[in-house]
Amino acid sequence: MEHELVKEGDQVVFHREGWSRVFQIRKKRQVYLDKTKLDVDALIGQPYGSTFEVDRGKLVKVEAAAAKQLAIGETSSDPGMDNRNLLDLDSNQRMSKEDIMKMKDEGATGQKIIEELIENSETFKMKTEFSQAKYLKKKKKKHIPVFTVMRPTPRLVMDIFSKDPAKICYLRGDSLSQLLSYSNVMYGSRVGVVDTCQGLVLACLLQRIGDAGKIVQLIPNSTNAVCRQVMDYLGFPKFLDNVYSFPLDELSLLNDETHNLSPGSETCGNTETTSVCETSAAAEQLEETTSDTERSEGHGQGSLISNGNNGAATQNSEEAMDNTETLDSEMPGEIVDADKTDTEVKVGEKRLLGPNRERQRQQREERQREAGEIMKEKLDSLVLACKYNPTPILMQMLTFLHPSSSVVVYCQHLEPLVECYTRVKENHAGLQLKLSETWYREYQILPQRTHPKINMSGTGGYLFTFITSQRSSD
Amino acid sequence: MEHELVKEGDQVVFHREGWSRVFQIRKKRQVYLDKTKLDVDALIGQPYGSTFEVDRGKLVKVEAAAAKQLAIGETSSDPGMDNRNLLDLDSNQRMSKEDIMKMKDEGATGQKIIEELIENSETFKMKTEFSQAKYLKKKKKKHIPVFTVMRPTPRLVMDIFSKDPAKICYLRGDSLSQLLSYSNVMYGSRVGVVDTCQGLVLACLLQRIGDAGKIVQLIPNSTNAVCRQVMDYLGFPKFLDNVYSFPLDELSLLNDETHNLSPGSETCGNTETTSVCETSAAAEQLEETTSDTERSEGHGQGSLISNGNNGAATQNSEEAMDNTETLDSEMPGEIVDADKTDTEVKVGEKRLLGPNRERQRQQREERQREAGEIMKEKLDSLVLACKYNPTPILMQMLTFLHPSSSVVVYCQHLEPLVECYTRVKENHAGLQLKLSETWYREYQILPQRTHPKINMSGTGGYLFTFITSQRSSD
Amino acid sequence: MSFDSSKHIVDYGDTVLLYIGYDNMLPVVIEEGKTHQTKFGAVKHDELVGKQFGTRFQCPRGWIYILRPTPELWTLSLPHRTQILYTTDISMVVFQLDLKPGSIVAEAGTGSGSLSHAILRTIAPTGHLHTFEFHKERSEKARQEFHQHGHAECVTVTHRDVCGDGFQLDHIVDAVFLDLPKPWECITSAKKAIKKQGGRLCSFSPCIEQVQRTCEELSAQNFTDIVTMECLARHFNLQYAKLQNVSFEPNKTCLETKASEVETESEPPVKKSSVISSNKDKVGDSDVHQFTSAVPAINMPGHTGFLTFATLTYH
Amino acid sequence: MSFDSSKHIVDYGDTVLLYIGYDNMLPVVIEEGKTHQTKFGAVKHDELVGKQFGTRFQCPRGWIYILRPTPELWTLSLPHRTQILYTTDISMVVFQLDLKPGSIVAEAGTGSGSLSHAILRTIAPTGHLHTFEFHKERSEKARQEFHQHGHAECVTVTHRDVCGDGFQLDHIVDAVFLDLPKPWECITSAKKAIKKQGGRLCSFSPCIEQVQRTCEELSAQNFTDIVTMECLARHFNLQYAKLQNVSFEPNKTCLETKASEVETESEPPVKKSSVISSNKDKVGDSDVHQFTSAVPAINMPGHTGFLTFATLTYH
């Protein structure tokens with residue numbers, strides 16, 4: 001078979017530029033996409049890479065040529081640099097919500113609706129290019145649900161979190177790529193990881209060790225649920241033979257061979273835990289800081305940005321769906337099952353396990369003991385990307401690393417990494433200490449209109465990397 | 001007269017791209033330019049904007065067309081992107097120092113010498129574009145002393161410090177430009193300033209207040225010499241009617257009308273004080289951090305960067321001149337006078353003032369009293385750009401500012417500005433608090449070879465700006 | 001003279017800024033008997049007169065502040081007639097054009113006057129700004145605004161398409177600023193406007209293709225020191241950050257925790273977040289690493305335009 | 001298998017890095033009886049054998065460390081045969097090309113093998129790298145190097161000018177990387193190399209004109225998600241910063257200070273700096289604000305190249 005086809009059980013990314021959602025394909029399952037309830041049955045048997053448009057709840061395959069024309073970015077209008085003939089009018093959008101609904105009912109394409117919206121906006125052409133682009137992007141997401149189905153990859157998974165970076169501790173794709181390189185994790189590596197990024201870092205490392213290595217996920221304690229949602233996205237089962245958990249609060253017991261390790265940790269797959277960074281309460285400050293303040297309030301352009309920043313408030317997906325105004329607020333992978341919701345499935349599984357709880361606990365204990373053994377035999381790499389204070393964890397974990405191992409500490413804040421750096425330096429525990437951030441920028445490459453993109457991310461977090469060293473007794 | 005001509009007594013900038021030196025033109029004065037002793041008499045009567053080449057100690061005027069051809073940047077070679085036919089040889093520069101001297105003696109132009117050097121370097125073509133550019137720039141500075149004479153401006157003065165930014169607390173041109181804007185200093189403004197940047201900030205503000213405003217330079221105490229060297233560069237006399245000094249250690253006495261202020265402060269013009277930031281001792285760390293580490297050591301390319309960073313060590317210009325290898329190490333404005341050095345002139349002036357010391361002290365007291373009066377009548381703007389801890393100074397000075405005044409605090413480090421921000425916020429002392437840095441990048445615009453420049457400055461310092469506010473009693 | 005820093009008391013005819021919040025200011029011209037609506041309620045102009053700039057003013061539903069406009073605050077609050085330049089670029093333009101009191105400047109186009117105000121602050125009172133705008137209504141609005149702001153003497157607003165008709169200035173300016181779709185068409189005219197002894201030029205263009213053509217033309221017309229640059233401001237927000245310290249000793253509150261674990265199992269997992277937060281509540285302040293963090297704003301402008309500067313020596 | 005992280009003890013035939021200092025490493029292949037000169041004196045290979053990677057080794061005039069190479073360290077120490085890609089760009093390439101164990105990759109050109117090592121780490125042991133180099137000697141050196149580093153099974157080095165002669169691969173790769181002067185000429189061949197079910201492509205070019213032509217060609221050949229980006233690393237140095245606190249009370253050591261002022265006047269002003277430093281000495285630690293500061297490195301690479309990525313769906 002030349003082409004890979006979508007089949008039941010697959011995790012599938014619905015992708016368009018800078019935007020992705022992931023769903024597991026099951027028959028009779030319906031998903032919400034931009035508030036439209038969709039039946040995904042139609043995808044089964046279609047080749048990956050196919051493009052679909054949503055037409056009144058149905059998925060309609062779009063041919064390549066048409067897809068190209070619909071793609072976001074290609075339709076970007078005249079940048080409006082020479083707007084000499086515009087008047088400074090106060091009127092706003094002349095299309096009402098009812099007008100739009102009517103067009104939709106009449107079967108107008110999303111593209112057509114957007115053209116009408118622009119046509120009927122007096123303010124659009126007076127906006128800065130920055131805000132025009134923002135407006136277009138927003139409207140396209142709303143009115144042109146066109147997407148390509150892809151196999152999930154870490155790159156595409158990053159898009160899922162692009163509007164809610166707090167969930168993954170503000171880790172940006174370019175920072176993640178550096179993290180993965182400097183971790184030196186490869187097929188067969190033995191890795192320690194602390195991840196409060198929904199399992200994103202864990203899943204990426206897991207992909208790189210293949211079926212030969214071992215990953216010990218360090219968790220605060222065995223009662224703290226740790227979210228590994230991204231493992232699902234990338235198609236890994238929730239529990240894998242080569243992924244272990246070890247509670248940090250039992251780290252001190254590790255060298256005491258006789259001690260009976262306490263019951264193992266619990267990990268959950270799809271459970272939505274509040275793994276946003278603790279500072280997210282202060283995240284509202286983050287909104288108001290671009291110097292290009294848009295003063296025209298006609299189309300609520302600010303909401304796109306603010307949604308991105310206080311997504312933590314829309315944790316509950318029901319809540320988000322009730323809010324009919326917040327079109328971009330649906331959570332990654334939110335699903336409405338035709339028979340029963342995913343949540344219900346999970347509860348059912350849990351109950352099923354109830355009677356076997358003692359056996360399960362024994363299994364956990366055994367797994368944790370094995371994790372302890374792996375650590376005592378020492379690890380090749382250590383990666384921290386979490387909402388916890390990294391310095392104590394890092395210093396505790398150094399004893400479980402071989403010399404010449406690779407260590408990466410990611411943090412949204414620079415300050416904790418300064419402390420890590422200082423401590424490692426003071427303890428002569430590493431070489432090639434690097435404290436860095438990456439500066440990431442995209443370009444618009446269009447004939448006669450080439451320039452760096454007008455929107456940019458101001459931070460993707462900071463990285464501290466080094467190689468462990470040991471003073472040999474010669 | 002159509003063209004402004006250079007005349008005796010003028011401060012003149014010798015300028016080429018990214019490089020400037022400033023000298024005062026006096027008959028029979030000789031200056032050192034790239035280790036070549038020069039007679040600048042020839043400049044007198046020439047129009048500003050003229051270009052000269054140094055030919056064995058003589059200044060020879062270059063016609064516009066030739067100047068264009070010689071300009072740095074235009075001669076940049078093939079970027080070496082397609083170097084498929086190069087072999088990996090170990091040999092190095094085949095030209096010896098003697099060969100070069102011989103060419104010079106035979107009257108070869110600098111351009112010719114550089115062509116020979118490239119021709120005879122096996123490694124040049126294998127270097128990265130980054131290091132090729134660095135090499136070319138270095139060699140051009142060394143072998144083609146071509147420059148244009150310009151009237152000094154703050155922009156050109158910035159070039160003078162480009163290789164020794166520690167002297168001006170790492171203030172970069174773009175940061176300075178923001179500082180000047182946010183200070184809102186204009187013709188007639190009353191300004192308080194703390195400047196340990198050789199008088200650079202003071203001089204820029206002075207230019208903007210014109211002949212109508214008043215600047216009070218705040219100094220730690222009346223015995224601490226404060227360097228105002230840049231005032232000379234911009235052609236201001238050392239002592240101006242509208243520039244005052246006030247010692248901060250007498251600030252607490254300001255409200256006590258009856259107190260007799262102690263003897264005034266002393267300011268010096270050309271004196272080289274150690275106004276480098278206190279952290280410059282740690283500046284050696286700054287060298288090794290570009291990720292494009294150049295490993296080829298053939299031409300000592302690293303020295304350009306390291307000179308830039310530990311210029312503090314070459315404070316003494318004699319020392320620098322003894323070091324025949326360090327061709328770029330001469331200090332701004334270093335002068336060898338045919339009759340007597342500038343230093344000697346200063347000593348002479350000082351001695352002359354000796355007998356009049358009591359009168360001078362009275363004058364200082366009077367000036368300081370006036371400065372106190374200006375502050376008590378309140379200032380319109382406050383600018384801090386210094387090596388001192390800014391927070392205490394800022395908080396002390398707030399009482400001497402009108403509400404709705406503009407405040408700018410510059411610092412090489414981010415951390416002290418976080419403290420300033422926090423204190424101002426806690427005290428509800430200001431509005432529009434902004435903590436920022438600017439990111440500055442230049443582009444190479446050449447046919448088929450357009451890209452951002454391969455060298456970039458990683459930091460130009462940080463700015464904290466706000467508008468003062470007052471709680472009115474309504 | 002609303003922008004004059006020596007002015008401290010609000011008077012009729014002044015342009016003042018009503019400061020509502022960060023980057024949120026309302027420009028108001030004080031007129032007798034007038035009232036202004038803000039989100040905090042009505043503001044009677046008469047009550048503002050006599051107040052000191054920078055003071056707080058009680059509105060029915062909150063405080064506002066009365067600020068004297070500066071070019072930087074004006075840029076944030078001015079009525080947009082076009083895309084405007086912002087302070088980061090403006091600062092570079094004023095600095096790189098070597099402007100100071102007395103400088104003569106030509107600007108095309110006037111646009112919303114964002115840059116003009118910064119230029120005027122710097123060159124006043126002895127300098128002059130010749131500003132050109134091809135859009136008639138905009139040029140008239142700008143003229144009124146400059147007059148209202150006390151700049152009448154220092155500025156000449158001309159309604160003209162400089163690209164077609166040129167500056168028509170004969171070697172009188174120290175600096176030229178171009179914000180035009182095709183700046184390369186105006187280099188000849190700009191050169192003619194610049195003093196014979198020389199001067200500086202700046203061209204602002206969003207796209208690299210415009211920059212390429214402009215640089216080519218500048219070079220052909222013997223401008224030197226042609227430098228193209230970008231300058232972006234990166235703002236930091238202060239956050240009071242809290243990072244949890246994990247324990248490396250077996251948990252003393254083990255029983256308590258297990259209780260909540262049992263509780264969890266009787267509840268749907270979607271509510272598990274509440275377990276986490278109760279864990280959080282248990283955590284004392286000593287278990288949290290707290291610090292003030294300067295965090296870059298997540299969204300920042302990634303590009304406004306390229307600034308190309310060049311020198312024209314005596315010609 | 002020198003790069004294998006499961007290898008912990010130095011043996012003959014290994015490539016090891018002698019760590020001299022930050023960003024300063026010497027790559028050495030351990031051979032019996034050989035000796036290597038470092039700035040700290042001679043290192044006998046025989047003495048290194050049996051040592052654990054990461055341990056310190058005493059040389060006659062200082063310590064060095066023996067490190068196991070990683071692609072990141074190799075990039076810093078490899079012999080330059082060409083301009084090379086650095087870790088910042090390399091990381092983006094590997095990530096954006098969706099590489100993982102088992103991926104099949106085509107790379108042109110091989111150059112100094114800096115990127116190749118990172119690709120090989122990620123795709124080994126089941127994946128394969130087809131790397132092409134138009135320069136014969138370089139391709140041979142690269143082949144030897146890969147062999148020496150234990151990658152022989154996973155890589156095919158071909159001496160060929162891909163621009164003229166194409167990859168000659170028939171729909172077998174998941175990803176293509178182009179670092180060529182004229183990447184647009186290779187898009188057709190790249191497309192043919194990519195699996196029928198689709199794949200990813202990356203082109204690295206220093207100049208924007210190259211990017212423009214490449215994007216045009218990619219679009220014409222139905223590549224989608226064409227994104228051009230730049231990624232720059234900004235490094236921070238830690239400084240122990242000291243900022244002097246000034247006093248706001250009249251100086252208690254006034255007399256003393258005056259004494260030094262008098263002294264100053266009898267000396268030439270050029271030595272005034274000594275007065276400042278003696279003032280500094282007087283200042284106690286309590287008068288200095290000390291803190292650890294993360295300061296960005298002053299010199300950083302401002303540009304390496306533009307990275308253009310694109311997706312080819314089933315075709």
Side-chain angles (χ1 to χ4, degrees), chain B residues 2-4 15 17 47-50 64 67-68 71 148 153-155 173-174 176-178 180-182 184 186-190 207-208 210 380-381 402-406 414 417-418 421-422 425 431-443 445 447 450 467-472 474, chain C residues 4-6 8 19 22-23 51-58 65-68 70-73 87-88 90-92 94-96 98 100-102 118 121-122 124-126 196-198 208 211-212 215-216 222 224-236 238 292 294 306 308 313-314:
Chain B
E2 283 289 350
H3 303 135
E4 269 194 299
H15 169 78
E17 199 186 307
Y48 277 101
S50 304
K68 206 172 159 186
T148 303
T153 72
R155 170 180 62 89
D174 54 319
L176 176 58
S177 79
Q178 307 299 315
L180 293 171
S181 277
Y182 282 105
N184 194 35
M186 65 185 84
Y187 185 80
S189 285
R190 298 153 62 89
Q207 193 179 61
R208 295 210 174 182
D380 304 319
S381 301
H402 283 290
S404 212
S405 289
S406 299
L414 179 58
L417 298 184
V418 170
Y421 189 117
T422 307
K425 190 91 182 170
L431 306 168
Q432 282 289 112
L433 279 64
K434 282 185 202 278
L435 178 55
S436 66
E437 64 175 330
T438 42
W439 177 88
Y440 176 78
R441 201 184 200 189
E442 293 184 5
Y443 281 74
I445 310 286
T450 297
I467 306 288
T468 56
S469 64
Q470 192 183 56
R471 290 172 177 257
S472 85
D474 208 15
Chain C
D4 188 338
S5 62
S6 68
H8 298 292
Y19 180 90
Y22 183 83
D23 274 4
K51 293 223 173 296
Q52 202 179 1
F53 283 109
T55 52
R56 209 161 74 158
F57 182 78
Q58 177 75 63
Y65 287 84
I66 316 151
L67 296 187
R68 184 181 49 242
T70 69
E72 289 65 44
L73 299 177
T87 297
T88 313
I90 288 171
S91 304
M92 283 301 277
V94 170
F95 182 77
Q96 288 277 337
D98 295 337
K100 59 185 182 184
R121 169 182 57 194
T122 309
T126 45
K196 291 228 164 170
Q197 67 198 53
I208 198 75
V211 174
Q212 289 168 324
C215 285
E216 221 168 282
N222 292 318
T224 55
D225 267 341
I226 304 167
V227 178
T228 297
M229 60 183 70
E230 266 188 299
C231 190
L232 298 175
R234 189 197 204 193
H235 289 271
F236 294 90
L238 290 204
T292 304
F306 299 100
T308 300
T313 53
Y314 70 96

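Quick note on labels: first sequence line is chain A, next is B, and so on, each numbered from 1. Here the structure is a predicted model, which is why all the values come from computation and not from measurement. Atom set for the values below is all heavy atoms of this structure, side chains included, hydrogens, waters and symmetry mates excluded.
The residue among Ser189(B), Ser405(B), Pro47(B) with the most heavy atom pairs within less than 4.5 Å of chain C is Pro47(B). Comparing Glu216(C), Met229(C), Arg121(C) by heavy-atom pairs within less than 4.5 Å of chain B, the highest count is held by Arg121(C). Residue with the most contacts toward chain B among Gly102(C), Cys215(C), Pro125(C): Pro125(C) (heavy-atom pairs, distance under 4.5 Å). Ranked by heavy-atom pairs under 4.5 Å with chain B, the first of Pro101(C), Ser6(C), Ala118(C) is Pro101(C).
Looking at every heavy atom in both residues, Ser50(B) comes nearest to Tyr314(C) through OG-CE2, 3.6 Å. Scanning both residues, Pro403(B) and Gly54(C), for their nearest heavy atoms gives CB-CA, 3.7 Å. The minimum heavy-atom distance linking Thr438(B) with Ala233(C) is given by the pair CG2-CA, 4.1 Å. When all heavy atoms are compared, the tightest approach of Thr87(C) to Gln178(B) is O-OE1, 3.8 Å. Taking each heavy atom of Ser469(B) and Tyr65(C) in turn, the nearest pair found is CB-CE2, 3.7 Å. Considering all non-hydrogen atoms of both residues, Asp380(B) and Ser5(C) come closest at OD1-O, 3.3 Å.
Rounded to the nearest 0.5 Å, atoms CZ (Arg441(B)) and CG (Leu232(C)) are 9.5 Å apart. Distance check, rounded to the nearest 0.5 Å: CD of Gln470(B) to CZ of Arg56(C) gives 11.0 Å. Here the CZ-CE distance, from Arg155(B) to Met92(C), works out to 11.0 Å after rounding to the nearest 0.5 Å.
Between Glu230(C) and the options Tyr440(B), Tyr443(B), Trp439(B), a side-chain hydrogen bond (donor to acceptor under 3.5 Å, both in side chains) holds for only Tyr443(B).
Contact annotation: the side chain of Ile208(C) approaches that of Ile445(B) to within less than 4.5 Å [non-hydrogen atoms, C-beta and beyond]. Put simply, the side chain of Tyr22(C) reaches to within 4.5 Å of the side chain of Gln432(B), judged on heavy atoms. For the pair Ser181(B) and Glu72(C), the minimum side-chain heavy-atom distance is below 4.5 Å. Using a 4.5 Å heavy-atom cutoff, the side chains of Thr224(C) and Thr148(B) are not in contact. Counting heavy atoms from C-beta on, the side chains of Lys425(B) and Leu238(C) never come closer than 4.5 Å. Contact of the Asp23(C) side chain with the Lys434(B) side chain is registered, since non-hydrogen atoms from C-beta on lie closer than 4.5 Å.
Leu433(B) touches chain C through its backbone: at least one of N, CA, C or O sits under 4.5 Å from a heavy atom, while the side chain does not. When heavy atoms are compared at a cutoff of 4.5 Å, Leu431(B) approaches chain C by way of both its backbone and its side chain. Using a 4.5 Å cut-off between heavy atoms, Ser406(B) touches chain C through its side chain atoms alone. Residue contact with chain B, scored on non-hydrogen atoms closer than 4.5 Å, involves the side chain of Tyr19(C) exclusively. Gln52(C) touches chain B through its side chain: at least one heavy atom from C-beta onward sits under 4.5 Å away, while N, CA, C and O do not. With a 4.5 Å cut-off on non-hydrogen atoms, Leu73(C) touches chain B through its side chain but not through its backbone.
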*For Gln96(C) and Ser177(B), run side-chain contact (heavy atoms from CB on, under 4.5 Å): C-alpha distance rounded to whole Å, both residues' side-chain angles, the deciding distance at 0.1 Å, then the answer.*
CA-CA 8 Å; Gln96(C) 288 277 337; Ser177(B) 79; over 6 Å; no

*asked:* Could you go through Thr70(C) and Asn184(B), starting from their C-alpha distance and side-chain angles, then the distance that decides it, and tell me whether this counts as side chain to side chain donor-acceptor pair (under 3.5 Å)?
replied: CA-CA 7 Å; Thr70(C) 69; Asn184(B) 194 35; 5.0 Å; no

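Ring geometry, His8(C) versus His402(B): the interplanar angle falls under 30°, so the pair is classed parallel (tilted spans 30 to 60°).
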